[in-house]
Amino acid sequence: MLKMYDIITKKQQGRELNEDEIAYFVKGVTDQSIPDYQISAFLMAVWFRGMTEEETLILTECMTDSGETNELLSIKGKKVDKHSTGGVGDKVSLIVGPMVAAANKGVYMPKMAGRGLGFTGGTLDKLESCTGVSTEISAEEFESITRELGFCIAGQSKRLSPADGRMSALRDVTGTANCIPLIAASVMSKKLASGSECIVLDVKCGSGSFCKTMREAEELARLMVRIGAKEKRKTVALITDMSSPLGCAVGNSVELIEAIRVLEGRGNERLTELCITVAANILYAANVADYESCVAIAEETLYDGSALDKLASLVERLGGDKRYIYDTSLFEESNVTAMLVAEKSGYVTRIDAYEVGRAASVLGAGRDRIGEAIDPTAGIILNKHVGDRIEEGEALATLQAKTIERAQSGMEYLFRAVTIGDLPPEENKIVLKVI
Ligand code: URA
């Protein structure tokens with residue numbers, strides 16, 4: 001008879017687990033028969049000892065089968081899913097979903113997204129910063145919005161990969177989030193369960209992500225692509241830079257507003273480039289056209305306003321007021337605004353994504369515990385980016401918070417995040433590799 005104690009010690013000794021042992025673990029996670037402390041001990045053993053590719057594949061399959069699989073049967077076109085491994089200032093899904101839908105090429109993007117935790121932001125919190133929007137919708141509503149608009153962004157159904165829900169919650173509080181086989185199984189189990197034929201992964205690399213080095217990001221990307229291929233899903237992974245925050249805004253309403261600017265065709269250049277690349281890869285994976293044509297199709301949706309209209313329609317379907325999307329002055333303003341200014345003249349050589357993420361979190365944009373309320377207006381707007389010239393006394397960033405105390409704490413983190421040097425740094429591309 002299998003015992004959780006034996007499975008934990010086997011992994012602790014660095015030995016390979018078999019299918020029965022992994023299936024026993026996942027079943028116990030799902031039906032709650034294994035307590036949190038044994039799950040946490042197992043996760044920590046995996047963190048130290050790793051998993052072979054075979055073990056990771058079995059874990060992914062068991063997690064996928066731990067709940068329902070969503071075939072979205074009433075949708076006849078190609079379904080493509082997109083997932084980011086999480087970063088700071090990452091509002092790409094809010095832009096790419098509308099772009100893919102606006103391309104109107106029979107490609108659907110049903111995107112189940114998550115909330116922020118710790119230093120990384122969450123797409124759902126950003127979307128819900130628009131008054132009235134609720135992303136907690138039924139599976140039927142999710143399917144109906146996807147069919148009608150061509151995309152939907154909403155909360156993860158508790159019925160899809162429930163084992164991941166419990167494991168992720170424990171990983172977040174036990175220091176086991178940054179573990180390649182666990183990330184791969186977490187991401188891919190949800191993607192496989194959600195029933196999309198093609199999967200485009202945005203694997204973040206740098207201080208503001210779980211993969212700090214290119215070696216780790218590449219290992220994770222290759223592993224997920226191989227899992228996707230074994231499960232007969234067309235899977236592409238882009239490795240993208242997360243050493244500094246993506247775009248200018250980090251927070252919730254500030255990021256939704258920045259997403260709107262990109263959809264209006266006047267957004268930050270690096271962010272726009274990444275969104276066009278991700279959208280083009282989605283259209284290309286769905287066999288819409290050759291890659292260059294997919295880039296042109298994606299670009300067009302930003303410049304003709306059609307992608308912006310799609311976001312407005314989603315906001316309306318989720319209970320919000322679409323006027324916010326066309327007039328961002330309607331968004332609530334924060335109580336306190338503070339400015340970080342440059343102490344000396346020079347070039348911005350570093351804006352550390354992790355420190356900026358922590359700054360946004362202490363300002364009130366993130367939560368330290370699951371379920372905590374966030375301040376939708378809290379966040380940071382960067383006036384300068386890595387490589388920019390700055391003069392002493394010039395504004396580097398604006399911070400928004402509810403209270404002066406929060407603004408002061410955020411300022412301490414943000415101050416640590418920025419380095420000004422005498423020489424301009426080497427240019428860092430946004431898309432580092434495609435796998
Ligand atoms: N995103 C996920 O869904 N899971 C992880 O473990 C990391 C990022």
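Ligands are counted one by one from 1 in listed order, and the atoms in each one are counted from 1 as well.
Given atom 4 (N) of ligand 1, the protein heavy atom at minimum distance is S186 OG, 2.7 Å. Among protein heavy atoms, atom 7 (C) of ligand 1 sits closest to I183 CG2, 3.8 Å. Among protein heavy atoms, the minimum distance from atom 1 (N) of ligand 1 is reached at H83 NE2, 3.3 Å. In terms of protein heavy atoms, atom 8 (C) of ligand 1 is closest to T85 O, 3.4 Å.
Taking only nitrogen or oxygen atoms, main chain and side chain alike, S168 does not reach within less than 3.5 Å of ligand 1. Polar contact with ligand 1: present for R171 (N/O pair, distance under 3.5 Å).
Contact annotation: the side chain of K10 never approaches that of D6 to less than 4.5 Å [non-hydrogen atoms, C-beta and beyond].
Contact check on K191 versus E231 returns no salt bridge, with no Lys/Arg side-chain nitrogen under 4.0 Å from an Asp/Glu carboxylate oxygen. Between K78 and E197 no salt bridge is recorded (no basic side-chain N to carboxylate O distance below 4.0 Å).
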* **side-chain contact (heavy atoms from CB on, under 4.5 Å) assessment of I95 paired with L271** => CA-CA 10 Å; I95 302 164; L271 172 61; 4.3 Å; yes
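With no hydrogens or angles considered, no side-chain donor-acceptor pair links K212 and S207 at under 3.5 Å.
The residue among K204, K190, M188 with a heavy atom at the shortest distance from atom 2 (C) of ligand 1 is K190.
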